[in-house]
Amino acid sequence: MNENNAPLVILISGTPGVGKTTIGTLLKKKGYSVIALNDFILFNGLYYGYDHFRGSVILDVEFLKKELRTQIINYSNLLFIEGHTTEYVPKQLVSLIFVIKCNPRILRKRLIARGYLKRKIEENIQAEIMEECLLRHRENFPEKIIIELDSSDIKPEEIVNEIMKSIDNIS
Ligand code: DAT
């Protein structure tokens with residue numbers, strides 16, 4: 001916890017399929033608080049509607065930011081927020097960001113296994129190649145708090161260990 005009694009907020013982001021949910025589940029099993037941002041958005045109705053072409057919700061960004069500010073103070077110590085659109089978490093709240101990456105060939109296999117439509121797979125592969133998630137976070141947060149981790153060849157448990165080591169270094 002920091003001096004304002006707000007929790008230390010850690011973002012875990014990346015293109016769909018890189019392993020965010022898996023990491024979040026492992027962190028929860030270890031007893032940490034984890035917000036899955038997609039679930040948070042749906043549960044709190046923080047969207048205008050659904051984009052059928054893109055297969056995703058149309059976010060109400062200002063409402064999302066407001067709701068995060070309100071709800072984050074209910075947590076103590078360490079809070080992980082995992083999701084594809086974590087760049088919308090208000091900058092002042094965030095201590096560290098992990099952008100998980102994955103080799104596009106491996107990512108494609110994961111997305112095929114998930115049953116995504118071909119168009120959606122290619123859109124996500126393109127986003128991974130162009131490092132879109134990383135760039136969006138770089139636009140919104142200082143570079144020094146962003147850490148890239150590659151999930152292509154290491155187990156989710158090892159990624160969690162890397163994350164915890166980095167957090168130990170800042171707290
Ligand atoms: P995301 O939440 O980023 O969309 P996920 O956690 O649902 O991704 O993982 C997508 C798939 O990839 C799922 O079948 C689990 C698998 N996976 C996740 N991390 C992995 C890793 N480090 N090594 C191998 N497979 C992984």
Side-chain angles (χ1 to χ4, degrees), residues 9-44 46-47 50-59 61 64 67-68 71-72 75 78-89 93-141 145-168:
V9 176
I10 312 289
L11 307 184
I12 298 172
S13 200
T15 308
V18 295
K20 304 177 296 293
T21 311
T22 309
I23 293 166
T25 303
L26 290 171
L27 288 165
K28 267 190 219 158
K29 277 191 192 153
K30 284 178 177 282
Y32 295 109
S33 299
V34 179
I35 291 179
L37 198 56
N38 277 347
D39 295 346
F40 184 87
I41 290 164
L42 294 178
F43 184 78
N44 293 289
L46 310 174
Y47 53 89
Y50 191 78
D51 181 338
H52 289 276
F53 184 75
R54 303 198 63 188
S56 57
V57 293
I58 305 160
L59 280 181
V61 173
L64 170 61
E67 205 54 34
L68 282 166
Q71 295 201 29
I72 277 175
Y75 291 85
L78 204 51
L79 171 64
F80 292 93
I81 303 179
E82 65 88 357
H84 178 219
T85 54
T86 51
E87 71 272 18
Y88 297 126
V89 179
L93 303 173
V94 177
S95 295
L96 207 54
I97 302 163
F98 295 91
V99 176
I100 314 298
K101 301 171 79 171
C102 185
N103 178 307
R105 285 167 203 261
I106 296 173
L107 187 61
R108 178 176 275 113
K109 284 186 191 157
R110 290 188 194 170
L111 295 177
I112 290 171
R114 198 184 250 188
Y116 270 22
L117 292 176
K118 189 168 180 344
R119 191 187 67 237
K120 199 164 178 190
I121 294 175
E122 294 316 317
E123 189 182 292
N124 282 309
I125 296 298
Q126 194 64 22
E128 181 64 11
I129 292 168
M130 301 300 287
E131 301 192 313
E132 284 178 12
C133 188
L134 179 64
L135 296 178
R136 291 199 314 270
H137 284 82
R138 279 189 181 148
E139 275 171 24
N140 288 286
F141 299 94
I145 68 164
I146 302 176
I147 298 175
E148 295 174 60
L149 292 174
D150 196 320
S151 76
S152 313
D153 299 316
I154 66 169
K155 290 187 188 143
E157 291 78 5
E158 292 173 74
I159 299 175
V160 168
N161 289 342
E162 288 297 319
I163 288 174
M164 296 318 298
K165 256 192 259 168
S166 300
I167 295 171
D168 281 347

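Both counts, for ligands and for their atoms, begin at 1 and track the order of listing. Small disclaimer: the values here were computed from a predicted structure and weren't measured. Because only heavy atoms are used, hydrogens play no part in the values below, and waters and symmetry mates are left out as well, while side chains stay in.
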Contact with ligand 1 for H84, non-hydrogen, under 4.0 angstrom:
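It does not; every heavy atom stays at 4.0 Å or beyond.
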Non-hydrogen atom of S151 closer than 4.0 Å to ligand 1:
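Flag set, S151 near ligand 1.
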Atoms in ligand 1 flagged as close to [X], the criterion being non-hydrogen separation under 4.0 Å:
X: P156; answer: 19 (N), 20 (C), 21 (C), 22 (N)
X: T21; answer: 1 (P), 2 (O), 6 (O), 7 (O)
X: T22; answer: 5 (P), 6 (O), 9 (O), 15 (C), 18 (C)
X: I154; answer: 21 (C), 22 (N), 23 (N)
X: P16; answer: 4 (O)

Judging by distance only, is a nitrogen or oxygen of [X] under 3.5 angstrom from one on ligand 1?
X: K20; value: yes
X: G19; value: yes
X: E82; value: no
X: G17; value: yes

Got the closest protein heavy atom to atom 7 (O) of ligand 1, with its distance?
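Its nearest protein heavy-atom neighbour is R114 NH2, 2.7 Å.
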Looking only at protein heavy atoms, which one is nearest to atom 16 (C) of ligand 1, and what is the separation?
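It is R110 CD, 4.1 Å.
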Quick check: does any side chain N or O of [X] sit under 3.5 Å from a backbone N or O of [Y], one acting as donor and the other as acceptor?
X: K20; Y: G14; result: yes
X: T86; Y: L11; result: no
X: S151; Y: K101; result: yes

Heavy-atom closest pair, residues [X] and [Y]:
X: V18; Y: S13; answer: CG2-O, 4.4 Å
X: A127; Y: T15; answer: C-OG1, 4.4 Å
X: L107; Y: P16; answer: CD1-O, 3.4 Å
X: Q71; Y: Y75; answer: O-CD1, 3.5 Å

Could you check whether atom 14 (O) of ligand 1 has a protein contact, counting only heavy atoms that fall below 4.0 angstrom?
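False for atom 14 (O) of ligand 1.
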Counting only non-hydrogen atoms of the protein, does one fall under 4.0 Å from atom 26 (C) of ligand 1?
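Yes; the ligand atom in question has protein heavy-atom contact below 4.0 Å.
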Please round to the nearest 0.5 Å and tell me the distance separating atom CG of D39 and atom CG of N44.
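D39 atom CG to N44 atom CG measures 10.5 Å (nearest 0.5 Å).
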Determine the interplanar angle of the H52 and Y50 rings, folded into 0 to 90°, and report it as parallel if under 30°, tilted if 30 to 60°, perpendicular if over 60°.
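Perpendicular, since the angle between the ring planes exceeds 60°.
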Would you call K165-E162 a salt bridge at under 4.0 Å N-O?
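The answer is yes: the pair qualifies as a salt bridge.
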